[in-house]
Asker: 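Right, I'll just put the structure down here and ask away after.
Lettering of chains follows the sequences in order, A, B, ..., and the numbering in each one begins at 1.
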Amino acid sequence: MEPLPRSFYEKEPDEVAEKLLGKLLVRLYEGRRLSGIIVETEAYYGELDPASRASRRGGLAKIMRGEAGMALVYGIHGRWLFNVVAHKSKGIGGVLIRALKPMDGLEVMMNLRGTRNVELIASGPGRLTQAMAINKWVHGKPVYIRAHGLWIEDMKGDVKVARSRRVGVTEDLPIPLRFYVEGCPYVSKVRSSRGVHPS
DNA sequence: CGCCAGATTGACT
DNA sequence: GTCAATCTGGCGG
């Protein structure tokens with residue numbers, strides 16, 4: 001199946017985040033195909049969004065203002081987080097991919113993660129990048145072509161979308177910007193103390 | 001350059 | 001439930 005076109009990402013971040021649910025993230029790793037269905041995302045905006053790196057003045061903000069459909073890989077707490085730049089023309093924004101349902105290359109992903117528990121393979125932003133060998137190397141590369149071994153394909157079939165506040169951010173916007181597949185066991189488990197009550 | 005917060009995780013009491 | 005390992009990028013000096 002062909003990768004989703006660049007135009008798919010040229011929309012408001014929350015719309016892209018929601019529509020990415022149910023799509024297939026594919027990674028070529030040492031000649032093998034790793035893939036997983038996207039089951040959890042979060043939208044990030046520009047200066048008005050206190051949780052977004054675009055609200056600071058660094059290189060990440062520059063990329064979030066740049067071409068839509070580019071991979072943005074962000075390091076935090078010793079892990080890599082994978083985002084796709086998404087915004088309308090002249091806008092700023094991105095979508096954080098937070099969890100996958102593993103599909104192709106399960107054995108390889110289990111080895112990369114060091115666990116055989118399928119629900120723990122990619123149920124979190126840091127876990128997902130480890131399972132798919134996503135690192136700084138793909139930073140700034142387009143995900144709407146196959147050339148760099150990382151892309152997102154369309155998938156048929158609808159998913160039941162739920163939304164909530166974003167996870168882990170210290171200062172969130174009053175709007176729920178996290179999207180996930182209702183009842184899906186591959187969605188990251190949110191720590192109890194930080195309430196993610198749907199709102 | 002050094003400092004340190006942070007879109008996390010997993011190990012431990 | 002609590003805690004800290006881990007490391008990049010922003011920011012101050």
Asker: Out of R98(A), R166(A), R163(A), which one pairs with E42(A) under the salt bridge (Lys or Arg N to Asp or Glu O under 4.0 Å) rule?
Answerer: R98(A)
Asker: Heavy-atom count around K189(A) NZ within 6.0 Å, excluding the residue itself: above 12?
Answerer: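 Above 12, so yes.
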Asker: Can you give the dot-bracket line for DNA chain B, where a pair is Watson-Crick or G-U wobble with both atom distances under 3.5 Å, crossing pairs use [ ], and | marks a partner on another strand?
Answerer: ||||||.|||||.
Asker: How would nucleotides 8-13 of chain C be written as a contact map, 5' to 3', with B for base contact, S for sugar-phosphate-only contact and - for no contact, using protein heavy atoms under 4.0 Å?
Answerer: SSSS--
Asker: Looking at dG10(B), does its base get a donor-acceptor pair with the side chain of R191(A) below 3.5 Å?
Answerer: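 Pair found.
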Asker: Hey, is the side chain of R113(A) poking within less than 4.0 Å of OP1 or OP2 on dT9(B), counting only N and O atoms?
Answerer: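 It does not, given that no N or O in the side chain of R113(A) lies less than 4.0 Å from OP1 or OP2 of dT9(B).
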Asker: Indicate yes or no: at least one non-hydrogen side-chain atom of E119(A) is less than 4.5 angstrom from one of V187(A).
Answerer: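 Of all side-chain heavy-atom pairs linking V187(A) with E119(A), none is under 4.5 Å.
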Asker: Using the salt bridge (Lys or Arg N to Asp or Glu O under 4.0 Å) definition, which of the options K90(A), R6(A), K62(A) pairs with E67(A)?
Answerer: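 Testing E67(A) for a salt bridge (Lys or Arg N to Asp or Glu O under 4.0 Å) against K90(A), R6(A), K62(A) leaves exactly one candidate, R6(A).
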Asker: Given I121(A), which partner from the list R116(A), Q130(A), M110(A) fulfils the side-chain contact (heavy atoms from CB on, under 4.5 Å) test?
Answerer: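 By the side-chain contact (heavy atoms from CB on, under 4.5 Å) criterion, I121(A) pairs with just one of R116(A), Q130(A), M110(A): M110(A).
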Asker: Here's a test of your reading of the structure: between Q130(A) and E171(A), which maps to the more 5' nucleotide of DNA chain B?
Answerer: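 Closer to the 5' end of DNA chain B: E171(A).
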Asker: Do the non-hydrogen side-chain atoms of I37(A) and M103(A) ever get within less than 4.5 Å of each other?
Answerer: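 Yes, at least one pair of side-chain atoms sits under 4.5 Å.
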Asker: Compare side-chain N and O positions of T170(A) against OP1 and OP2 of dA7(B) and report whether any pair is under 4.0 Å apart.
Answerer: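 Yes, within the criterion.
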